[in-house]
Amino acid sequence: MIIKVSATSANLGPGFDSCGIALTQYLLVEVLGENKDWEVSHDLGKSIPDNEENLLVKTALKLAPDLKPHKLKMKTDIPIAGGLGSSSSVIVAGIELANELSGLNLTENEKLIIATKIEGHPDNVAPAICGGFVVASYIDGQVQSVKLNFPTCDAIAFIPNKELLTKESRGVLPNSLSFNEAIRASSIANVMIAAVSNSDLKLAGKMIEKDIFHERYRGHLVPHLPEVRKISQELGGYGCYLSGAGPTILVLSPPEKTQIITEKLGKLDSTVRIDVLKVDNEGVRIY
Ligand code: HSE
């Protein structure tokens, strides 16, 4: 059995903690069979456990404590702590692992609630589970989610060669916004989502870049953001935003503009990885 989970890009600017898209970059977990102890082979370095301490196994055991140990192989293209939902992909894979091996028969919404409780917010786990563009809320322990069609475009991921822990990136956010600011911020988010559902990526991109929930507080953690935004604006990108908690910056681009934008972005910093991705509509799958 192989579990395949997408990378995800959360926030889309003002959709902070609520909106996310699934992308064509993947975590693959191969279940190789029962074993004496839990064993997770991977090439991600020593900081990622290869035993029952691995987040994948911990998640599965949370749901099914009696699960027999298995040998697993984990392979991922998703950068660790990069802002593309690496930990969410592992949590979602862990839920699927328990669901399949223990026959839990979880519904999609049950998976969403479990994943959101573990992750703390639904914006990465929801698109990882459902695919596409998902708008979700997590209120009073309940997750409500709506999957919307995301118009065709390229998603250029500008991935700095450093990790940024979500904890650090959330640590710079304020505890409260004034009533007036909250109204402005949510109106920007509402128009962004409405524009996406109208397939109007030009307007959506404009609203994405008007976020006042989080990017202005995080700018110093992601020094390239203003330059990337300028390049995207000058060369015809729809809009760009801090992907999740960063440091990846995502540029939504019309396919015919992608090459020129990526070439220019590549000149900003030779240590940056640039991946051209698409939105993945399928969600988590098992082979
Ligand atoms: N919405 C979250 C954030 C995503 O921006 O902090 C990262 O987990």
Side-chain angles (χ1 to χ4, degrees), residues 7-23 83-85 88 116 119-128 130 132-139 143-151 153-158 164 166 169-222 224-233 237-253 279:
T8 47
S9 175
N11 294 336
L12 290 96
F16 180 72
D17 272 4
S18 167
C19 296
I21 47 177
L23 296 170
L84 288 169
S88 291
T116 302
E119 183 71 2
H121 27 83
D123 47 347
N124 286 109
V125 292
C130 309
F133 174 49
V134 184
V135 184
S137 68
Y138 179 41
I139 310 284
V143 179
Q144 306 296 344
S145 68
V146 178
K147 180 175 172 179
L148 291 172
N149 183 45
F150 201 82
C153 69
D154 284 340
I156 307 170
F158 179 90
L164 175 56
T166 300
S169 188
R170 290 181 87 81
V172 300
L173 300 177
N175 289 326
S176 58
L177 285 184
S178 74
F179 188 68
N180 276 343
E181 275 189 311
I183 291 168
R184 284 179 57 214
S186 69
S187 72
I188 295 167
N190 294 341
V191 175
M192 181 274 283
I193 294 164
V196 170
S197 69
N198 253 357
S199 294
D200 185 349
L201 272 186
K202 265 197 179 156
L203 178 57
K206 204 166 145 185
M207 302 321 282
I208 281 174
E209 296 194 351
K210 287 194 184 302
D211 160 65
I212 54 173
F213 276 123
H214 70 114
E215 287 190 4
R216 57 185 164 154
Y217 304 107
R218 290 172 156 173
H220 63 287
L221 299 172
V222 194
H224 283 311
L225 184 56
E227 296 155 276
V228 173
R229 182 154 288 160
K230 190 157 173 271
I231 290 172
S232 165
Q233 286 172 349
Y238 290 124
C240 96
Y241 63 93
L242 187 58
S243 180
T248 292
I249 300 167
L250 208 88
V251 179
L252 298 173
S253 144
V279 173

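Because only heavy atoms are used, hydrogens play no part in the values below, and waters and symmetry mates are left out as well, while side chains stay in.
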Residue pair R170, D17: steps toward the salt bridge (Lys or Arg N to Asp or Glu O under 4.0 Å) verdict: CA-CA 11 Å; R170 290 181 87 81; D17 272 4; 2.7 Å; yes
Pairwise side-chain contact, [X] with [Y], heavy-atom cut-off 4.5 Å (strictly under):
{"X": "N180", "Y": "R184", "answer": "no"}
{"X": "F150", "Y": "L252", "answer": "yes"}
{"X": "I21", "Y": "L250", "answer": "yes"}
{"X": "L225", "Y": "C240", "answer": "yes"}
{"X": "L177", "Y": "I212", "answer": "no"}
{"X": "K202", "Y": "Y238", "answer": "yes"}

Could you tell me whether a side-chain N or O of [X] sits under 3.5 Å from a main-chain N or O of [Y], the two making a donor and an acceptor?
{"X": "R218", "Y": "S169", "value": "yes"}
{"X": "H214", "Y": "G13", "value": "yes"}
{"X": "S18", "Y": "G15", "value": "no"}
{"X": "E215", "Y": "L242", "value": "yes"}
{"X": "S186", "Y": "A182", "value": "yes"}
{"X": "N11", "Y": "C19", "value": "no"}
{"X": "D211", "Y": "F213", "value": "yes"}

State, to 0.1 Å, how close [X] and [Y] come at their nearest heavy-atom pair, and which atoms those are.
{"X": "L84", "Y": "A157", "answer": "CD1-CB, 4.4 Å"}
{"X": "V134", "Y": "P127", "answer": "CG2-CA, 3.8 Å"}
{"X": "P122", "Y": "Y138", "answer": "CD-CB, 4.0 Å"}
{"X": "V251", "Y": "S232", "answer": "CG1-OG, 3.6 Å"}
{"X": "A128", "Y": "T8", "answer": "N-CG2, 3.5 Å"}
{"X": "D123", "Y": "F16", "answer": "OD2-C, 4.5 Å"}

Is there a donor-acceptor contact under 3.5 Å linking the side chains of S243 and S9?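 Judged by distance alone, the side chains do pair up.
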Just how far is it from atom [atom1] of [X] to atom [atom2] of [Y], taken to the nearest 0.5 Å?
{"X": "T248", "Y": "F158", "atom1": "OG1", "atom2": "CZ", "answer": "9.5 Å"}
{"X": "Y217", "Y": "L173", "atom1": "OH", "atom2": "CG", "answer": "8.5 Å"}
{"X": "M192", "Y": "D200", "atom1": "CE", "atom2": "CG", "answer": "13.0 Å"}

Determine whether more than 12 heavy atoms belonging to other residues, nucleotides or ligands lie under 6.0 Å from atom CZ of R229.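 Yes, the 6.0 Å shell around CZ holds more than 12 heavy atoms from other groups.
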Please determine which of I188, N190, I193 meets the side-chain contact (heavy atoms from CB on, under 4.5 Å) test together with P14.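 Going through I188, N190, I193 one by one, the side-chain contact (heavy atoms from CB on, under 4.5 Å) with P14 is satisfied by I188 alone.
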